[in-house]
Amino acid sequence: MSSKKIVFSGVQPTGNLHLGNYLGALKNFVSLQKEMNCIYCVVDLHAITIFQKPRQLEDNVLETTATFLASGLNPEKSIIFNQSSVSGHAELAWILNCVSRIGWLNRMTQFKDKAGSDKEKASVGLYIYPNLMAADILLYKATHVPVGADQKQHLELSRDIAQKFNKDFNCENFFPLPEPLIHKNISRVMSLRDGTKKMSKSEDSDYSRINLKDSADEIKKKIKKAKSDSEPIPSDIKSLQNKPEALNLLNIYSELTKNSIEKIISEMAGKEYSNLKTKLTEVLINEITPVGKEIQKLLKEKSYLKNILKKGTEKANIIAEENLKNIREKIGLI
Ligand code: TYM
């Protein structure tokens, strides 16, 4: 088996990426490009599992590309492209639909969450979405996949599918079993309104999240309104166990300042959360508003963004075609 490390990850172009995407995924993408071969994909085929307005989807693909670049991805180092432009993703997804098991898909909690109470009305695409995700990763024989904790179950499924393919077609180690790279400290950034839910694009209230395009003023207002706790900051982390909103604010602050949560607590114990909020607002504004400004700037250069995707597509296609040739051969497709 080749020992080459290949990183793959994807982000859905559903507009307005937020602090959860940034801390849980994008920052990791950027640091990995220093040490490994990285492939980062704007997963437009995943987005259409829920209806998207066509012109809006086009804009969102470019905005997600701009967000990749504004967060620090370098197209000279990493391959950056959109999923639908490399047809191998759809082809391998079909093959993997035939390897994956219905029982495995039935266990996927994200489908249950996204389909809501009326599962009969969800698209078939939404149901088999995790197989497409496995195809994204295995098409490049990726070994490492940086994601937030919400994607862990999908990655476990990708490993099961890889393993079953290798066994069914008697080709041990043909597909590497992709390893999730999940941030230890901040694998799940929570909603600012309800600390038991993850920060998400789909939550109704914009006050639940910090968007990467938010202005300094918006960040200030959102952190001011964020739920915390009526009691002062405790001196030990155990006391935060049932206070998810307070813990979330401390976790975000810890991540952005690169100080351990224990250190922060020991320095701020006994103080009101308004103290933490003032400091958090300042570090958030410093970190996020330059990214937002860069996104806005890049969005004015649409042909530049399209060109990045085009070049990325060419590079991704070469790897995908080579791997697909071997995959077809293993299965007996001539
Ligand atoms: P998506 O588009 O929902 O999210 C993109 C990335 O952001 C992470 N993330 C978070 N991390 C921490 N806290 C949060 N609140 C938070 N919200 C989102 C996600 O974990 C993800 O890493 N199915 C994937 C996209 C995908 C993919 C792939 C990922 C398609 N194919 C292959 C890896 C490999 C998704 O919907 O991510």
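Both ligands and their constituent atoms are indexed starting at 1 by order of listing.
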Any N/O of [X] closer than 3.5 Å to an N/O of ligand 1?
X	result
Leu155	no
Asp150	yes
Val189	yes

Proximal candidate to [atom] [heavy atom criterion; set [options]]:
atom	options	result
atom 1 (P) of ligand 1	His154, Gln12, Met133	Gln12
atom 10 (C) of ligand 1	Gly24, Ala47, Gly20, Ser158	Gly20
atom 37 (O) of ligand 1	Met190, Gln151, His46, His183	Gln151
atom 29 (C) of ligand 1	Ser200, Gly10, Cys41	Gly10

Close-contact set for ligand 1 against Phe8 heavy atoms, below 4.0 Å: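 Heavy-atom distances to Phe8 below 4.0 Å select 32 (C), 34 (C).
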Heavy atoms, side chains only, cut-off 4.5 Å: are Trp94 and Asn131 in contact?
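A side-chain contact is absent here, since even the closest heavy-atom pair is not under 4.5 Å.
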Pairwise side-chain contact, Asn259 with Tyr253, heavy-atom cut-off 4.5 Å (strictly under)
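Result no, sub-4.5 Å side-chain heavy-atom pair not found.
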Fill in: Working for ring-ring contact (aromatic ring centres under 6.0 Å, His included), residues Phe8 and His144
CA-CA 7 Å; Phe8 181 94; His144 294 82; over 10 Å; no
Where is the nearest protein heavy atom to [atom]: which residue, which atom, and how far?
atom	answer
atom 6 (C) of ligand 1	Ala25 CB, 3.6 Å
atom 34 (C) of ligand 1	Val145 CG1, 3.6 Å
atom 31 (N) of ligand 1	Asp136 OD2, 2.7 Å
atom 36 (O) of ligand 1	Tyr129 OH, 2.7 Å
atom 4 (O) of ligand 1	Asn21 ND2, 3.4 Å
atom 17 (N) of ligand 1	His18 CE1, 3.6 Å

Identify the two heavy atoms, one from Pro178 and one from Arg159, that lie closest to each other, and give their separation to 0.1 Å.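 Looking at all heavy atoms of both residues, the closest pair is O-NH1, 3.1 Å.
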| Shortest non-hydrogen contact between Lys222 and Asp214, atoms and distance |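 Closest approach of Lys222 to Asp214: NZ-OD2, 2.7 Å.
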Is the Phe111 to His154 ring centre distance short of 6.0 Å?
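Here the rings of His154 and Phe111 have centres that are no less than 6.0 Å from each other.
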Can you say whether the rings of Tyr129 and His46 are parallel (under 30°), tilted (30 to 60°) or perpendicular (over 60°)?
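Answer is perpendicular, since the angle exceeds 60°.
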Query raised in the report: Please walk me through it: do Asp229 and Glu245 pass side-chain contact (heavy atoms from CB on, under 4.5 Å)?
Result: CA-CA 8 Å; Asp229 192 34; Glu245 289 87 9; over 6 Å; no
Which segment of [X] sits under 4.0 Å of ligand 1 when only heavy atoms are counted:
X	result
Val147	both
Arg188	backbone
Leu26	neither

Notebook entry, point to check: For Leu69 and Ile308, what are the C-alpha separation, side-chain angles and deciding distance, and is it a side-chain contact (heavy atoms from CB on, under 4.5 Å)?
Noted result: CA-CA 10 Å; Leu69 302 180; Ile308 299 262; 4.3 Å; yes
Applying side-chain contact (heavy atoms from CB on, under 4.5 Å), run through Lys279 and Met268 and close with a yes or a no.
CA-CA 11 Å; Lys279 292 183 171 199; Met268 300 190 83; 4.1 Å; yes
Can you list the steps and then say if Lys27 with Glu255 is a salt bridge (charged side-chain N to carboxylate O under 4.0 Å, His left out)? CA-CA 11 Å; Lys27 281 197 91 173; Glu255 179 56 26; 5.4 Å; no
